[in-house]
A.B. asks: 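Before I ask anything, let me first share the structure, which is written out below as structure tokens.
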Amino acid sequence: MTVPTAHRYQVVWFKRDLRVDDHDPLMRAAERGPVIPLFIIEPDLWQQPDMSGRQFSFLSESLLELREQLSDVGQPLIVRTSDAISCLNDLHCTYGIDALWSHEETGNDWTFTRDRAVAAWCQEQRIEWHQIPQFGVIRRLKSRRGWAGRWDRLMSAPMIQRPKGLMPLSEIEPGPLPQAQDVGIANDEAPKRFRGGRSVGLSDLESFLQDRGEPYQKAMSSPLTAFDGCSRLSAHLAFGTVSMRETYQAACRRQDDLRALHMDHRGRWPGAVRSFLARLHWHCHFIQKLEDEPAIEFRCFHPAYEGLREHNAEAIERWSTGQTGLPFVDACMRALNAHGWINFRMRAMLVSFASYHLWLPWRSTGEPLARLFIDYEPGIHWSQMQMQSSTTGINLPRIYNPIKQGRDFDPNGSFIRHWIPELSEVPNVYIHEPWLWPEMRATIDGHYPPPIVDERAARKVARDKIWAVRREPGYRAIADQIQVRHGSRKSGMPQHDKRIKIARRKQKAEPATQLSFLTSE
DNA sequence: AGTGCAGTTGACTTT
DNA sequence: TAAAGTCAACTGCAC
């Protein structure tokens with residue numbers, strides 16, 4: 001390895017923070033010297049089982065805009081396609097790196113391993129690597145006490161101004177932005193996908209808070225209304241085209257504006273903005289879990305659930321392509337395939353159906369599901385996979401009935417008919433259970449499969465198995481430990497203490513307050 | 001107008 | 001972020 005002659009450049013390594021506004025590492029690096037703004041396309045990362053072409057497309061659109069924004073401040077984005085260490089090493093040997101700057105990343109095992117290797121390389125080369133938090137996630141967290149307050153302070157802190165001007169680096173080629181196929185990424189485009197790039201994110205934020213968001217609380221539950229009634233910011237937050245802080249502050253400003261309005265003119269807005277803010281909070285709450293315990297990407301929170309479920313390739317194939325024969329499940333899955341996004345409740349139902357009715361291990365369904373999400377965020381995804389599969393030990397099993405969900409959230413079957421044209425002839429009364437329609441076979445035999453399982457029977461079998469595990473000796477003690485470590489503060493006491501407290505409340509004839517589990521709706 | 005009854009609604013518990 | 005079951009209160013209606 002050649003020893004560089006000068007150590008003069010500040011490398012800002014963009015990862016999932018594709019913006020120049022509210023970018024702490026960029027601002028600090030710019031204060032210290034000439035900046036190489038770098039994005040590394042790492043082909044090996046894109047071969048991981050949770051990564052996909054549709055995510056790469058969103059990334060590409062975001063990188064194009066980032067390159068423009070950086071050009072505006074003086075130096076376009078430098079893009080290199082290779083593994084991180086060779087890339088950094090090349091830059092160091094050719095130009096000399098003084099320090100490396102990036103946001104902290106709470107990613108999957110692959111990025112964690114890569115970051116440890118980069119840290120080791122930096123140490124060998126005597127290059128400082130400054131990693132700065134961008135969410136309310138705290139590295140090496142000792143105690144959860146005060147976490148929420150710290151989050152509020154971080155999010156309320158002033159936005160970081162974009163650097164006044166970056167020194168143009170005529171000697172460094174910006175480099176091409178490769179196409180997915182150049183990097184060996186399989187084509188997996190979602191035809192109706194939300195687009196990447198900061199400008200889209202900012203306009204979604206604006207239109208949500210000023211215009212679309214009023215029915216949020218109700219609209220988020222149904223796939224008929226959620227595409228318009230939700231913020232559509234999840235992928236932007238995942239890729240950092242819009243920062244959590246600016247999103248939080250925009251919502252707070254909206255809240256202040258509403259308070260200035262007379263009650264009669266506020267409509268449903270106050271509740272909508274409050275729920276939205278709560279979700280921003282949960283975003284970090286879940287990522288914190290993966291930060292604290294990276295193993296949850298692979299292992300059940302509670303070991304008693306390890307190896308309980310059974311792999312079944314054919315069932316996964318039918319589930320992930322929308323061919324289970326349960327109309328609402330299939331409609332939601334097909335919508336997700338086409339959009340790369342679906343609302344939270346439907347995600348929960350899809351996972352519940354896979355984990356209970358189909359009895360599939362959450363790891364084997366979590367991978368194809370991660371690939372379908374353009375907003376895949378490892379900390380949220382794997383926490384949710386486990387919660388919806390009841391492997392946490394903290395949460396009670398919640399088994400969704402896809403027929404009931406369909407009746408509740410798609411009462412006249414229009415969502416089903418839109419995504420499953422095979423069922424267009426089925427009358428309303430049978431649309432959620434077409435196998436009961438007497439003319440079913442004659443009309444659509446061969447076009448739409450019979451149900452993969454008997455919903456009622458499969459649910460009962462799954463429920464009994466889960467409750468049998470919960471009754472095993474020793475289960476409770478481990479669950480209580482997990483509760484202490486990972487439960488939210490509001491529900492942060494072991495289960496048996498809760499029961500005692502509830503019993504006491506009843507004795508005093510006070511109304512029992514709702515236990516606050518980790519909820520998202 | 002009062003009574004009985006089937007069906008509905010809501011609060012709460014259990015799994 | 002659930003669903004099903006229980007129970008009591010309530011409602012509409014026939015008589």
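Since the model is a prediction, treat every value here as computed from it, not as a measurement. Below, chain A is the first sequence line, B the second, and so on; all start at residue 1. No hydrogens, no waters, no symmetry mates; every other heavy atom, side chains included, goes into these values.
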A.B. asks: Rounded to the nearest Å, what distance is computed from the CD atom of residue A:Gln384 to the C1' atom of nucleotide C:dA2?
C.D. replies: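 After rounding, the reported distance stands at 14 Å.
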A.B. asks: Could you state the CZ-C1' distance from A:Arg398 to B:dT14, rounded to the nearest angstrom?
C.D. replies: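 Taking atom C1' of B:dT14 as the reference, CZ of A:Arg398 is at 13 Å.
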A.B. asks: Does the ring of A:Tyr356 carry A:Arg309 above it, NZ/CZ under 6.0 angstrom from centre and within 45° of its axis?
C.D. replies: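 Yes, a cation-pi geometry holds between A:Arg309 and A:Tyr356.
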A.B. asks: Looking only at side-chain atoms of A:Leu396, point me to the closest of B:dT15, C:dA4, C:dT1.
C.D. replies: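 Looking only at heavy atoms from C-beta outward on A:Leu396, the closest nucleotide is B:dT15.
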A.B. asks: Using a 4.0 Å heavy-atom cut-off across all strands, classify A:Arg347 as base, sugar-phosphate, or nothing.
C.D. replies: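 Touches nothing.
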A.B. asks: Using a 4.0 Å heavy-atom cut-off, does A:Gln388 contact any base of the nucleic acid, only the sugar-phosphate backbone, or nothing at all?
C.D. replies: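 Base contact.
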A.B. asks: For A:Phe276 and A:Trp269, I'd like to know if the aromatic rings sit close, meaning centre-to-centre distance below 6.0 Å.
C.D. replies: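 Centroid distance A:Phe276-A:Trp269: not below 6.0 Å, so no.
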A.B. asks: Rounded to the nearest Å, what distance is computed from the CZ atom of residue A:Phe353 to the P atom of nucleotide C:dA3?
C.D. replies: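 The distance from CZ of A:Phe353 to P of C:dA3 comes to 14 Å, rounded to the nearest Å.
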A.B. asks: From CH2 of A:Trp467 over to C1' of B:dT13, roughly how many Å is that when rounded to an integer?
C.D. replies: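 To the nearest whole Å, that distance equals 12 Å.
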A.B. asks: Specify the separation, in whole Å, of atom CG of A:Asp408 and atom P of C:dA3.
C.D. replies: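 Checked: the CG to P distance equals 7 Å.
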A.B. asks: Return the value, rounded to whole Å, for the distance between atom CZ of A:Arg463 and atom P of C:dA2.
C.D. replies: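 Distance, rounded to whole Å: 16 Å.
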A.B. asks: Rounded to the nearest 0.5 Å, how far does CZ of A:Phe353 lie from OH of A:Tyr400?
C.D. replies: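 It is 15.0 Å, given to the nearest 0.5 Å.
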A.B. asks: Nearest to the A:Arg345 side chain among C:dT1, B:dT15, C:dA3, which nucleotide is it?
C.D. replies: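 Of the options given, the side chain of A:Arg345 lies nearest C:dT1.
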A.B. asks: Does A:Arg456 have a side-chain nitrogen or oxygen under 4.0 Å from the phosphate oxygens OP1 or OP2 of C:dA3?
C.D. replies: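 False: A:Arg456 side-chain N/O out of range (4.0 Å or more) of C:dA3 OP1/OP2.
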A.B. asks: Give a yes-or-no answer on whether the side chains of A:Arg19 and A:Gln134 include a donor-acceptor pair shorter than 3.5 Å.
C.D. replies: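 Checked: A:Arg19/A:Gln134 side chains pair up, N/O donor to acceptor below 3.5 Å.
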A.B. asks: Just the rounded figure in Å: distance from C1' of C:dA2 to CD of A:Glu455.
C.D. replies: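 After rounding, the gap between these two atoms is 12 Å.
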